[in-house]
Structures are given as C-alpha cells and as structure tokens.
Amino acid sequence: MAQRRVTDFFARRRSGPPACLPRAKQVLRTPSPAKPAPGLPAPALSDPPGGSRKRPRPAADPAHDEPAPPARRRLRLPLPPTPEPADAVPTPSSSVASGSSACSPPGKKIKKASLPSGQRPCLVAQGDKDTVSELQACLQRARKLGARVQALRAYAQEGDAKKSSVPEPEGHPAEPCGEKAPAYQRFHALAQPGVPGLVLPYKYQVLAEMFRSMDTVVGMLHNRAEAVTFAKVKQGVQDMMHRRFEERNVGQIKTVYPASYRFRQERNIPTFKDGIKRSDYQLTIEPLLDQEASGAARQLTASWLLQRRNIFSRNLVARVKEHHKAFLATLDPPMEVPEDQLTRWHPCFNVDEVPDIEPAELPRPPPTEKLVTAQELLARARSLMSPRMEKALNDLALRTAEPSSPGSPCPVPPATPPAAPNALKGVSQALLERIRAKEAQKQLAQMTRRPEQEQRLRQLERLPELARVLRGVFVSERKPALTMEVACARMVGSYHTAMSLGDMEQHLQLLAELLPNWLTLHRIRTDTYLKLDKTADLAGLTVRLAHLARTEEGL
C-alpha cells in the first residue's frame, strides 16, 4: 500500500476547494495506470488508484484512427489568387490543392502525416507565377528608363554640336561669348576712388601696365647692348606682373603706339635654352629713339620711359574717346562734345564694355621648304613607299583638299541708349523733347566741367549744413564775434564728415562771399574775426544756398 503524503492529508481535511499543487509536485505523483486492452471495459472515473486526480485518456477508436496534430502549429498566410485561363482543364493535383485549407510554400515537401490517406504531396505553382509577373514588370520599367536615357543623351549631343558649330574668332584665345567677365572687370570704372574723370577700362589699364613692364625690360637689355628677344621680354614681364604675356599683347601695344618699337625676325642669336636652336628665327624688339648728334645710340633712361608711358596712356584715352563719340551720336537727341573740353564720360556710357584692341600683325619668319600636306608628301616620297601606304595617302589628300567653311566670329552688340519706358506713352512729345534737351544740357555741362569747378560745386553742396552748424556755434559761445581758429575748430568737431581746418576755413570764406549780409569777416592785425547776424532767417538762407548750388551745377 502506498504511503499517504502529508500534503494530501491536509488537502482532504479542508472544506474548501481542492488546493492546486505546484507543477513540480504533480510530476512526482504515481503515474496513471496503463490503458486497458481493446477488449476490456474502461475503468471508472470516480477515484483513481494511488490518490491521483488526473482524468484518464479516452479509449482510442479504431474506426477513426487519425494522426495526432503537431505540437507546434505554424502561422501560414494565404497566397493571393492567380487568375487561371478559361480553357484550363482541372487536374487532380489542382483540385487537391484548392481543397486543402493550407498548403506549404513552394520548394518544400509536405509531410505525409499531415495529408489525408490516399493523396500525394503537391507543389504550389502560385509563387512561381508571382515571380514571373514581377520580372515582367521590372523588365518593362527598365525598357522605359533606357528609352528616356537615350533621349536625354541625344538632346545633350545636339547641344554640344550647336556649341561646337560656333568657333572662336582667330587670334583671340579669349573667353567664349556666353561667359561673362568677372564683376571687378565689368564694373571697374565705377569702383575707382576720387573724382570721376576719364577712367580707362580694366583691360586697357592692364595693357598700359604691360607696356610699362615691357619698356622697363627692353630698356635694361638695350642699355647693356644685349639682343632683345621676345622670349627674354616675355619671361621678365611675367615675373613683374604675375600675368601671362603673349605675342597678341605685343600686337596690341604696336596698334596703340606704332612708333615705340621696331620688330624683326632674326636668327643666329646666341641663346642658352635647350628648346631654342641658334638657327631658329626669333622675334627681336628694338626701341625707337632719337639718335644723338654724334651718331651713337641713345640710352633708354628714366625720363624716356616716363615720356613713352605718357604717350601710350594718351593714345589709350584717345581710342576710348572715339567709342564715346560714337555713343553720343546714337543718343536722342545726339550730343557732340569737343575732345579738348571733355573731362568725364557720359553717365550712360559703359566704359568697361569698350571693344578690345585688335592686335597688329607682327613679322613672321620667312617660309621654309616644309611638307605640310599629304599631296606634297606623296609627290616627294612616291617611289619610297608601298602601294598600300600610297593608297592611304591618296585618300587622306582627297579628304584634306575639301574646303572647310570658316566660322563666323561672335558678334559684338552695339552700344544703344536705353529705350523709353511704357509709362511715357500718354505724355506729349513736345514735353519729352524739352525734358531730353534739358537733360542733355545738364550732361554736357557735367562732361565738360573742370576740376576746380567740381571742387567749388562740392563746397556749395556742403554750405547749407555748415550754415546751421555755424549758427549753433555762435549761439553756444554767446559771443558777438569769434576768431577764425576757434570757429573752425568748433565746426570741425560738430560737422558729421571729417574735414581739416584749412578746408573748413575755405568753406567759411566762400560762405561769407555768398552771404555778405549774414556773415562778415574782420581782419584785425594778424587775426581774422567772424561776426554773425543771429536775427536773420536761417531757413531762407539755406534755401538760397541750395538754389545757388543747383544753378552752379546746371551751368
């Protein structure tokens, strides 16, 4: 007889529900008796022997012998239905696959235990159909992208062909027409300090600096009685300016100042470079100077260099004046300014857009016997080549003999005055003519104004503000008269712009000259005293000074 446990005793004694023992305790219980034989009756369910409370398993029915379900069930997602053709004949395998509630994925075998008896495992072709449809969609997208890439490539090739069909002008290795020059070159004239005058374009100033450097190098070599070649001058100018110096720049210098140098092509000049042979022709430069009475060659001194530089600058200004004169002729109404009275350019004249200087033709080395075409080479070496090479040279000669159409240079847009805006559509023509004539007169006076007149005009513009400051100085000092030194010192400290004592004294003298009834100067011994009429109307005086400044500007 099995021994009773203490835990079972206390559990039987309690009146409440049976205690739920831990799972570890249940493992240690006496196992349930084995299943009875198929012919015997099942035991009762009242009290199992051994004190076990487990329910016995029901007897297996031999008529419904089915395999036990697996311990772990997998979650299988249903595949999307695939449309089948209408003329498809259903097969046994397809009917079985549709009748089954869950089929295994393609590529895996179905266990025999999970299928009903009498049926074979089948492979599902649904995944293969989806893969084929996805591949077809990807292939279609790839074809569309390929067609789009070909269209873009053809468009880019057409753009390159259009750009290459417009060649650069000969002798101008400059930028293409589409590119713009940097801002410090396009607006160089506007950024110049000081009083505006006859400012040269940026490229003309660079050319003037090149001439100065070239003249310095040529003068050093000429004074040492050394042969002046372009190779030596080029290296010296590039070291001085840190800028490229080519034969084109030398041609521009010859165009501006033809009487500056004499150019020749000479050979047998001693050189110390590996790239230049003694027998090669070189461009030599000789400065043109007046001969002395004794017949000896003159030295290129500093005074000569300064004189030649001034002549070159005047020639550059004269060339810009020609373009300025052509621009004035295109205005409405046209203007004409004498060149000797011109002191500044027209406000609408863009100085930095003046066309570049065309380089003059420099001497070229004499032609030598040189085979440059396929026809000459064929005529010279016909007996020394094979028939195959002779045929190739004949084909090349025929291709090179075809004339090539030269490209047209980039057109330079002419300088045109700004067009009239649409806002002047209803204004009378007579009023417009009067306004344009007055504006032309004002611009003519501005272009022919001398430097001393410009200085006086700037002084007149400052006088209204200086009159108010002077009135405040006399009120704060509470004196009927002030010396010139004290008044200038007080006004320099009160004026909003920095000014020297000498300039302030000139302004006060001009103020006393224009308004003698308001400000008077009294010279006593070595000092000058200022006396001011404090009862005068300051507003009327400032209006009068502003009117004088406008009148002076119109003249």
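Note that the numbering runs from 1 along the sequence shown for the chain.
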Can you find a heavy atom in the side chain of His507 that is under 4.5 Å from one in the side chain of Met491? no
Could you work out, with side chain to side chain contact (heavy atoms under 4.5 Å, CB included) as the rule, every residue matching Thr483, not counting sequence neighbours? Glu485, Val486, Tyr529
Verdict with supporting geometry, Ile285 and Met214, side-chain contact (heavy atoms from CB on, under 4.5 Å): CA-CA 10 Å; Ile285 304 171; Met214 178 180 175; 3.7 Å; yes
Are the side chains of Lys438 and Arg434 in touch, meaning some heavy atoms are under 4.5 Å apart? no
Is the side chain of Lys232 donor-acceptor paired with the backbone N or O of Val217 at a distance under 3.5 Å, no angle test? no
Mark yes or no for whether Asn249, through its side chain, and Leu207, through its backbone, hold a donor-acceptor pair below 3.5 Å. no
Rounded distance (nearest 0.5 Å) linking atom CG of Leu532 with atom OG1 of Thr520: 8.0 Å
Just by modelled atom types, is the Glu286 backbone N or O under 3.5 Å from a matching donor or acceptor in the His222 side chain? no
Testing the basics here: between Pro201 and Asp352, what is the closest heavy-atom pair and its distance to 0.1 Å? CA-OD1, 3.6 Å
Minimum heavy-atom separation for Arg267 and Asp280, please, with both atom names. CB-O, 3.2 Å
So do the side chains of Asn310 and Arg314 get within less than 4.5 Å of each other, counting heavy atoms only? yes
Looking at every heavy atom in both Ala440 and Pro333, which two are closest together, and how far apart are they? CB-CG, 4.5 Å
Between Leu328 and Phe349, is there a side-chain heavy-atom distance shorter than 4.5 Å? no
With a cut-off of 6.0 Å (strictly less than), are more than 12 heavy atoms of other residues, nucleotides or ligands near CZ of Arg224? yes
For salt bridge (charged side-chain N to carboxylate O under 4.0 Å, His left out), just list the numbers for Asp332 and Arg436, CA-CA rounded to whole Å, side-chain angles, deciding distance to a tenth of an Å, and then say yes or no. CA-CA 8 Å; Asp332 185 21; Arg436 287 169 183 168; 3.4 Å; yes
Output the distance between atom OG1 (Thr535) and atom CH2 (Trp518), rounded to the nearest 0.5 Å. 11.5 Å
Residues two or more places apart in sequence or in another chain: which of them pass ring pair (Phe, Tyr, Trp, His ring centres under 6.0 Å) with Tyr202? Tyr184, His188
Counting only heavy atoms not in His547 (residues, nucleotides, ligands), do more than 12 fall under 6.0 Å from its NE2? no
To the nearest 0.5 Å, tell me how far Glu465 CD sits from Arg468 CZ. 4.5 Å
Where do Leu521 and Ala512 come nearest, in terms of heavy atoms and distance? CG-CB, 3.9 Å
Could you go through Glu454 and Arg344, starting from their C-alpha distance and side-chain angles, then the distance that decides it, and tell me whether this counts as salt bridge (charged side-chain N to carboxylate O under 4.0 Å, His left out)? CA-CA 11 Å; Glu454 185 70 27; Arg344 68 175 65 187; 2.9 Å; yes
NZ/NE/NH1/NH2 to OD/OE distance under 4.0 Å, Lys234 and Glu246: yes
Do NZ/NE/NH1/NH2 and the carboxylate oxygens of Glu322 and Lys325 come within less than 4.0 Å? no
When you measure from the side chain of Arg244 to the backbone of Gln238, do you find a donor-acceptor pair of N or O atoms at a distance under 3.5 Å? no
Strictly distance-based, threshold 3.5 Å: is any side-chain N or O of Ser476 a donor or acceptor partner for the main-chain N or O of Val473? yes
Is there a donor-acceptor pair under 3.5 Å between the side chain of Thr255 and the backbone N or O of Glu358? yes
Mind listing the closest non-hydrogen atom pair of Phe474 and Leu530 along with its distance? CZ-O, 3.4 Å
Whether Thr229 side chain and Leu283 backbone form a donor-acceptor pair below 3.5 Å: no
Output, in order, the C-alpha distance, side-chain angles, deciding distance and verdict of salt bridge (charged side-chain N to carboxylate O under 4.0 Å, His left out) for Arg248 and Asp356. CA-CA 12 Å; Arg248 179 174 179 271; Asp356 205 353; 3.3 Å; yes
Any chance you could lay out the side-chain contact (heavy atoms from CB on, under 4.5 Å) test for Leu514 and Arg544, step after step, and finish with the verdict? CA-CA 10 Å; Leu514 296 177; Arg544 183 179 174 184; over 6 Å; no
What is the distance from atom CG of Leu432 to atom CD of Glu439, rounded to the nearest 0.5 Å? 12.5 Å
Is a side-chain donor or acceptor of Lys203 paired with a backbone partner of Val354 at a separation under 3.5 angstrom? yes
May I ask you to check whether over 12 heavy atoms, not counting those of Glu226, lie within 6.0 Å of atom CD? yes
Is a side-chain N or O of Thr330 found less than 3.5 angstrom from the main chain of Phe327, in a donor-acceptor match? yes
Should the heavy atoms of other residues, nucleotides or ligands under 6.0 Å from CD of Glu336 be counted, would the total exceed 12? no
Steps toward side-chain contact (heavy atoms from CB on, under 4.5 Å) verdict (Leu545, Leu460): CA-CA 7 Å; Leu545 291 174; Leu460 288 173; 6.0 Å; no
Should Val149 and Arg153 count as side-chain neighbours, where that means a heavy-atom distance under 4.5 Å? yes
Tell me whether the count of non-hydrogen atoms from other residues, nucleotides or ligands lying under 6.0 Å of NZ in Lys534 goes above 12. yes
Does some side-chain heavy atom of Met499 sit less than 4.5 Å from a side-chain heavy atom of Arg462? yes
Any Ile357 side-chain heavy atom under 4.5 Å of Ile253 side chain: no
Which pair of heavy atoms, one from Lys531 and one from Pro480, lies closest together, and at what distance? CG-O, 3.6 Å
Are Arg212 and Glu209 ion-paired here, with the side-chain N under 4.0 Å from a carboxylate O? yes
Should the ring pair Phe312 and Phe211 be called parallel, tilted or perpendicular, given that the plane angle runs from 0 to 90° and is split at 30 and 60? parallel
Approximate separation, where rounding is to 0.5 Å, of Cys488 SG and Arg490 CZ: 11.5 Å
How many angstroms lie between atom CG of Leu306 and atom CD1 of Ile311, to the nearest 0.5 angstrom? 10.0 Å
Test side-chain contact (heavy atoms from CB on, under 4.5 Å) applied to Thr284 and Phe263, step by step: CA-CA 6 Å; Thr284 59; Phe263 301 96; over 6 Å; no
Whether the side chain of Lys254 engages the backbone of Glu361 through a donor-acceptor N/O pair (distance < 3.5 Å, no angle test) should be reported. yes
Do Val337 and His346 make a side-chain contact, defined as non-hydrogen atoms from C-beta onward lying under 4.5 Å apart? no
